[in-house]
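Here's the structure, in structure tokens; my notes come after.
By convention in this document, chain letters (A, B, ...) are assigned in the order of the sequence lines, proteins followed by strands, and residues within each chain are numbered from 1. Bear in mind the structure is a predicted one, so any value in this text is a computation, not a measurement.
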Number of protein chains: 2
Amino acid sequence: MSVIQKKGVKTAHALPKFDVALSRTRRAQVADTLRNFVLSGQLAPGTQLVEAKLASRFGVSRGSIREAIWELIDQGLLINRPYAGTFVISLDEKTMIEVFSLRGALERYAFTLLWPKRDGVFREEFTARHKALVNATRTQTRFDVIKAEMRFHSYSYEFCGNRVLLEVWEQLSQKVHLSFVISQAIVRGTDFLGESERYYTTALGDDLAEMLVEIDRHLELGMLAVRRFAHNASPPASKTTE
Amino acid sequence: MSVIQKKGVKTAHALPKFDVALSRTRRAQVADTLRNFVLSGQLAPGTQLVEAKLASRFGVSRGSIREAIWELIDQGLLINRPYAGTFVISLDEKTMIEVFSLRGALERYAFTLLWPKRDGVFREEFTARHKALVNATRTQTRFDVIKAEMRFHSYSYEFCGNRVLLEVWEQLSQKVHLSFVISQAIVRGTDFLGESERYYTTALGDDLAEMLVEIDRHLELGMLAVRRFAHNASPPASKTTE
DNA sequence: CAGGATTTGTGCGTATGTATA
DNA sequence: ATATACATACGCACAAATCCT
């Protein structure tokens, strides 16, 4: 069974039902599907992606698979060793900490840009995404919660007006997402909902400096979860600093 | 004449002379060559890259060309319109300003990380790259000056210890490089050498806060050059493949 | 607004290069 | 050291979409 929708079905009176929103190329469809598999954890870190197998699974040619794979490689979700194979990236503790640290710098920059531009539109959309996140924590799977969390935080980058920053974030966010999946930071966080609420409230407040501090604090919680996860083989006798 | 080196020459007693350091794939070789063409300005913004023509020019198959092209697309140097073609990206003034602004945020972050880690190794390599830049301004072409400038500034990202930041910088630096090529910021800058000297001295000094300000100042000069260029020159017409 | 030219997108067979068990 | 599995690369053919006259 083909996962990817075909375009040029030649059967007489073929139902156009499947042709909705098919402007994208097959490469993009395969890449999206693969990305979902990786980000949902169904393709564990370290797994090798064999082109021929994927090609027959998806029902597309190896060329399309190769191009989609390279798209994910350039996004940092897969790594390639020439002539050896392509594998799902496995983030170690140090890298995940670096991801969160860098994200802090970008998010502080984004909020500095958007702070004087906040208006009704911003408050409305920001609130909507926060509500969606809160709902997800109550009714959805962990994967959906992570997606909602990513979507909530992405809005700062979308709204700040720097499109280059948005592009960079869309790259980095893949690794942030993967870090959440690997470290299960969101589930293990002690008071995830309360923390998000505090972040949300401060973001709509009056004090930019306070928000910049809040961003750091918020991300340090993620880093703490990463460290706890990385050391959970041997329970830490003493907690890490802070 | 083929620009790309072939591996499996079957001619009897073919000289193994050309086999040195050939571990990279053809895809990577083509991508590097294309990137140099774009970043050196030999492929003007807006130029369409026709796969078949490139394939015969380079002496490689269309598949390899396609993969190399997509590598540059994911790096942000080319854009693709499905079924229409692939073109060298043309950065407008707003985008170039955004590039410099974001670079400021990243570079301040990098220096904050590396500041307490500066040692003899750092000073030595940093000085070497600065000297190379100074030399380039006196003896080399403009393209070489830009390369030296990029290499000089890249060291902060290499040394700061955050590998994820380095990856992000390697993406963004492509657009920084292209902005220099398009806006000719370096040549038009009033006192480029003096500015670099000041940046260099402050980076080796004692005051981090002063350095963060210096970074902003340094990049604002680039933005000023971009603005001057955008308002002086009329937008160039797009060409087709030569 | 045809319709043909151009170019990209896709598929497949095959040969070779490379890593690894 | 050999075998094997796989990635890499090539060439061709055709489909599909865009562009242009």
Side-chain angles (χ1 to χ4, degrees), chain A residues 2-11 14 16 18-19 21-34 46-73 78-88, chain B residues 2-11 14 16 18-34 46-73 78-88 238-242:
Chain A
S2 167
V3 184
I4 303 301
Q5 302 170 357
K6 303 261 184 177
K7 297 177 189 176
V9 185
K10 285 300 178 188
T11 318
F18 299 107
D19 271 352
L22 260 192
S23 61
R24 282 154 53 255
T25 61
R26 201 154 298 178
R27 168 201 164 96
Q29 301 176 46
V30 175
D32 284 348
T33 309
L34 275 182
T47 309
Q48 180 173 11
L49 276 67
V50 179
E51 295 175 359
K53 291 182 181 176
L54 290 177
S56 60
R57 281 267 195 293
F58 282 107
V60 302
S61 75
R62 291 202 316 277
S64 302
I65 292 288
R66 280 177 66 80
E67 298 193 351
I69 281 181
W70 276 101
E71 184 169 322
L72 298 198
I73 289 175
L78 307 177
I79 56 172
N80 173 268
R81 301 211 312 279
Y83 294 103
T86 303
F87 307 83
V88 179
Chain B
S2 168
V3 186
I4 303 301
Q5 302 169 356
K6 302 259 182 177
K7 297 175 189 177
V9 184
K10 283 302 179 188
T11 317
F18 300 107
D19 270 351
V20 214
L22 259 192
S23 62
R24 281 156 55 254
T25 62
R26 198 152 299 175
R27 167 203 167 91
Q29 302 176 45
V30 175
D32 285 348
T33 310
L34 275 183
T47 308
Q48 180 173 9
L49 277 67
V50 180
E51 296 172 358
K53 291 184 181 176
L54 290 177
S56 61
R57 280 268 196 294
F58 282 108
V60 302
S61 73
R62 238 182 92 207
S64 301
I65 293 288
R66 281 177 65 80
E67 297 196 349
I69 281 181
W70 276 101
E71 184 169 322
L72 298 198
I73 289 174
L78 307 177
I79 57 172
N80 171 270
R81 300 210 318 275
Y83 295 102
T86 304
F87 307 82
V88 178
S238 56
K239 297 181 192 173
T240 31
T241 313
E242 51 184 68

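By the side chain to side chain contact (heavy atoms under 4.5 Å, CB included) test, B:Ser61 pairs with B:Ser64, sequence neighbours left out. In terms of the side chain to side chain contact (heavy atoms under 4.5 Å, CB included) criterion, residue partners of A:Ala28 (sequence neighbours excluded) are, by chain and number, A:Arg24, A:Thr25. A:Arg62 pairs by the salt bridge (Lys or Arg N to Asp or Glu O under 4.0 Å) definition with nothing, not counting sequence neighbours. In this structure, the side chain to side chain donor-acceptor pair (under 3.5 Å) partners of A:Glu67, at least two apart in sequence or on a different chain, are B:Arg66.
Regarding contacts with the backbone of D:dC10, a side-chain N or O of B:Arg26 is found under 4.0 angstrom from either OP1 or OP2. Under 4.0 angstrom from either OP1 or OP2 of D:dC10 there lies at least one side-chain N or O belonging to B:Ser64. At the phosphate of D:dC10, OP1 or OP2 sits under 4.0 Å from a side-chain N or O atom of B:Ser61.
Here CG of B:Leu54 is found 5.5 Å from CD1 of B:Ile69. Values are rounded to the nearest 0.5 Å.
Of the candidate nucleotides C:dT8, C:dT14, C:dG9, C:dT14 has the atom nearest to the side chain of A:Arg62.
In terms of heavy-atom proximity, B:Ala68 sits nearest to B:Ala31 at CB-N, 3.6 Å.
Summarising the geometry, the separation between CD on B:Gln48 and P on D:dT18 is reported as 14 Å, rounded to the nearest angstrom. Computed from coordinates, the A:Leu49 CG to D:dT8 C1' distance equals 16 Å when rounded to whole Å. Here the P atom of nucleotide C:dT8 and the CD1 atom of B:Ile65 are 11 Å apart, to the nearest Å. Atom C1' of nucleotide D:dC6 and atom CZ of A:Arg66 are separated by 11 Å, given to the nearest angstrom. Rounded to whole angstrom, the span from the CD atom of A:Glu67 across to the P atom of D:dA7 amounts to 16 Å. The separation between B:Arg27 atom CZ and C:dT18 atom C1' is 17 Å, rounded to whole Å. Taking atom CG on A:Asn80 and atom P on C:dG17, their separation rounds to 19 Å, with Å as the unit. Between the NZ atom of B:Lys53 and the C1' atom of C:dA5 there is a distance of 13 Å, rounded to whole Å.
Contacts of B:Glu51 with the nucleic acid, taken as non-hydrogen atoms under 4.0 Å apart, involve only primed sugar atoms and P, OP1 or OP2. Looking at heavy-atom distances under 4.0 Å, B:Gly63 makes no contact with the nucleic acid at all.
Results of the side-chain contact (heavy atoms from CB on, under 4.5 Å) test with A:Thr86 over A:Ile65, A:Ile73, A:Thr47 single out A:Ile73 as the only residue that passes.
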Name the pairs: protein N/O against N/O of nucleotides 19-21 of chain C, kept only if under 3.5 Å.
{"residue": "C:dT20", "atom": "OP1", "partner": "A:Arg81", "partner atom": "NH2", "Å": "2.4"}

